[in-house]
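Remarks on the structure that follows.
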Protein chains: 2
Amino acid sequence: MSTTPHRRRPSLDRDTVIRAAIDLADAEGLEAVSMRRVSQALGVVPMALYKHVSDKEDLVDGMVDAVVSSFPAPPPEVAYAVGPSWQQAVRLRVAGARSALVSHPWLRRTLETRTRRTATVLAHMEAVSAAFLSGGLSPDLTHHAMHALGTRIWGFSPELFDESRSGPTPTRHTGAAPQPSDYPSILAIAADAKARRPDATGCDEDFEFSFAFELILGAVDRLHATGWSSADPLPGASR
Amino acid sequence: MSTTPHRRRPSLDRDTVIRAAIDLADAEGLEAVSMRRVSQALGVVPMALYKHVSDKEDLVDGMVDAVVSSFPAPPPEVAYAVGPSWQQAVRLRVAGARSALVSHPWLRRTLETRTRRTATVLAHMEAVSAAFLSGGLSPDLTHHAMHALGTRIWGFSPELFDESRSGPTPTRHTGAAPQPSDYPSILAIAADAKARRPDATGCDEDFEFSFAFELILGAVDRLHATGWSSADPLPGASR
DNA sequence: AGGCTAGGTGTACGATGTACACCACGTCAA
DNA sequence: TTGACGTGGTGTACATCGTACACCTAGCCT
């Protein structure tokens with residue numbers, strides 16, 4: 001019946017391999033994903049994977065592809081909303097990407113380091129670009145808006161103050177540990193943040209993401225409204 | 001004379017090791033920096049390095065530290081300019097960081113993946129934060145501005161469309177190569193960019209960096225002017 | 001004089017990615 | 001029915017990596 005001939009029991013195929021790698025990364029982090037560990041999870045010898053994946057980079061590309069293609073797509077009537085609600089369309093696309101980060105925390109680092117633009121990765125960039133263009137923004141402005149958003153089109157901001165991974169600071173040959181008093185500005189910022197959110201342990205990732213995202217989106221919208229093009233002076237110098 | 005007793009000819013010390021690693025990374029990229037290659041460049045056995053560096057991560061931290069502490073500092077009278085020229089102070093700090101990228105291209109990726117905040121790394125963040133605060137911005141706004149800038153405080157934007165590293169696309173088990181016609185929006189953007197800069201091969205990194213940087217700086221300044229605090233609604237939704 | 005120690009050496013181990021030869025078996029033409 | 005073929009899993013092997021550990025050696029201080 002099936003047009004794909006089932007030669008032998010095909011205990012493995014590309015999707016199975018990629019699935020196993022994703023499960024492993026979800027459970028133990030990306031650094032746990034080695035060809036040996038993945039093959040072992042599949043009850044198979046390491047070299048078996050190479051019949052379905054050309055090398056490790058291909059495996060990781062496949063992992064990214066699988067997750068990216070699972071981004072929830074906004075309903076069509078809003079995905080390409082024309083007019084002023086283009087911002088909402090962009091927001092929804094990005095929110096879809098962001099939603100994947102909670103179950104696949106490794107995706108963040110992986111997307112940052114990936115150089116290859118696979119079909120599904122391009123598809124997401126296409127969708128976000130399309131949301132801008134459908135709102136009437138020029139290709140020119142859209143182009144630079146995408147750059148300005150940077151990795152934020154994937155639903156995350158770069159970590160900046162993240163100290164959560166510090167650990168016990170293993171003995172280093174490095175000189176003395178940084179003295180807090182040497183960083184009065186950072187200290188002032190931290191103190192202010194602590195005062196505003198007394199029982200928080202770190203920065204509010206969600207807030208920081210939304211702040212930067214909306215800041216950029218708003219600024220882009222203002223450029224759009226004034227018909228800015230890249231031949232004009234850089235934005236921002238208004239005061 | 002010297003207070004540091006010279007036991008034996010100290011052919012090696014921490015700085016020498018780090019210097020050698022930096023030279024290697026400059027010449028062949030960070031992936032060429034292995035303990036063996038560095039030790040070999042110093043005419044010494046691999047394990048010798050461990051007397052000056054606790055492990056490889058410490059080495060890389062040292063490399064980052066060395067480069068970051070070499071950022072050219074703006075002259076003091078402008079570094080902390082009070083009033084409306086705080087933007088210029090920020091610009092100069094960031095320009096100093098950016099200037100290091102040309103001779104140390106590996107710094108970009110390395111800074112992105114570094115989790116440890118060393119003293120000199122904190123010092124740069126302190127300097128940028130101080131520039132904001134000296135301009136009269138609140139610690140609250142400064143905090144979120146720093147997050148919004150993200151890695152841009154280091155003088156670079158995340159690569160987005162960068163295809164320069166494509167190479168000959170080695171045979172992969174991945175399905176068919178992406179079809180350009182599947183990405184009309186990206187195509188429109190690329191066509192527009194090509195029309196504006198006919199003889200360019202890729203995106204203009206410098207322009208994209210400045211665009212996003214000034215966009216954010218301008219938007220932050222607008223918030224500053226209106227006395228925004230994080231208790232207020234998110235910025236941007238003005239239309 | 002003799003011990004301490006900073007600092008370089010040598011060997012060894014486990015982990016990694018992957019090349020290459022091999023082989024088992026389901027499919028299909030003869 | 002048979003035999004060639006190709007798909008897909010196996011086994012062995014190698015280079016490279018970070019680094020633990022024992023050792024040695026030479027200069028300094030008491």
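Below, read A as the first sequence line, B as the second, and so on, with proteins coming before strands; counting in each chain starts at 1.
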- Query: Among side-chain atoms of T120(A) and D65(A), is any donor-acceptor pair under 3.5 angstrom?
  - Reply: yes
- The residue, R36(A) or M47(B), whose nearest nucleotide of DNA chain C is more 5′ is M47(B)
- Divergence of helical axes at both termini of the helix from dA1(C)-dT30(D) to dA30(C)-dT1(D) - five pairs an end, 10° steps: 10°
- Query: Distance check: side-chain N/O of S11(A) vs OP1/OP2 of dG9(D), anything under 4.0 Å?
  - Reply: yes
- Side chain of Y50(B) only, please: which of dT10(D), dA13(D), dG18(D) is the nearest? dG18(D)
- Any cation-pi pair here, R98(A) with F209(A), using under 6.0 Å and within 45°? yes
- Task: With DNA chain C as reference, determine whether K56(A) or V45(B) sits nearer its 5' end, using the nearest nucleotide of each.
- Result: V45(B)
- Query: Taking atom C1' of dT12(D) as reference, at what distance in whole Å does atom CE of M35(A) sit?
  - Reply: 17 Å
- Taking the side chain as every heavy atom from C-beta outward, state whether H147(A) and F211(B) have any atom pair closer than 4.5 Å. no
- Gap between atoms CG and P, on D55(B) and dC21(D) respectively (whole Å): 15 Å
- Note on the structure: Checking dC20(C), dG18(D), dG10(C) against the side chain of S34(B) (C-beta onward), the nearest is dG18(D)
- Task: Check the distance between dT16(D)'s P and R37(B)'s CZ and give it to me in whole angstrom.
- Result: 11 Å
- Item | Side chain of L12(A) (C-beta onward), nearest among dG9(D), dG8(C), dG18(D) | dG9(D)
- Message: What is the distance, to the nearest angstrom, from the CG atom on D58(A) to the C1' atom on dG17(C)?
- Response: 14 Å
- Message: Any donor-acceptor pair, under 3.5 Å, between the side chain of K51(B) and the base of dG8(C), if you only look at N and O atoms?
- Response: yes
- Task: Let me know the distance between CG of L30(A) and P of dT16(C), rounded to the nearest Å.
- Result: 13 Å
- Task: Could you tell me whether D58(B) and R14(B) have a side-chain N and a carboxylate O separated by less than 4.0 Å?
- Result: yes
- Message: Within this structure, what is the CD-OG1 distance for the pair E57(B) and T113(B), rounded to the nearest 0.5 Å?
- Response: 9.5 Å
- Task: Take the protein atom CG of D13(A) and the nucleotide atom C1' of dG9(D), then report the distance between them rounded to whole Å.
- Result: 14 Å
- Item | Protein-nucleotide distance (L59(B), atom CG; dG18(D), atom P), rounded to Å | 9 Å
- Message: What is the separation between atom CG on L49(A) and atom C1' on dA19(C), rounded to the nearest whole Å?
- Response: 15 Å
- Item | Contacts of Y183(B) that satisfy ring-ring contact (aromatic ring centres under 6.0 Å, His included) - sequence neighbours left out | none
- Would you indicate which nucleotide in dT9(C), dC17(D), dT10(D) comes nearest to any side-chain atom of A48(A)? dT10(D)
- Within the pair H52(B) and dG8(C), is there a side-chain N or O less than 4.0 Å away from OP1 or OP2? yes
- Message: Between H143(B) and D192(A), do the side chains contain a donor N or O and an acceptor N or O under 3.5 Å apart?
- Response: no
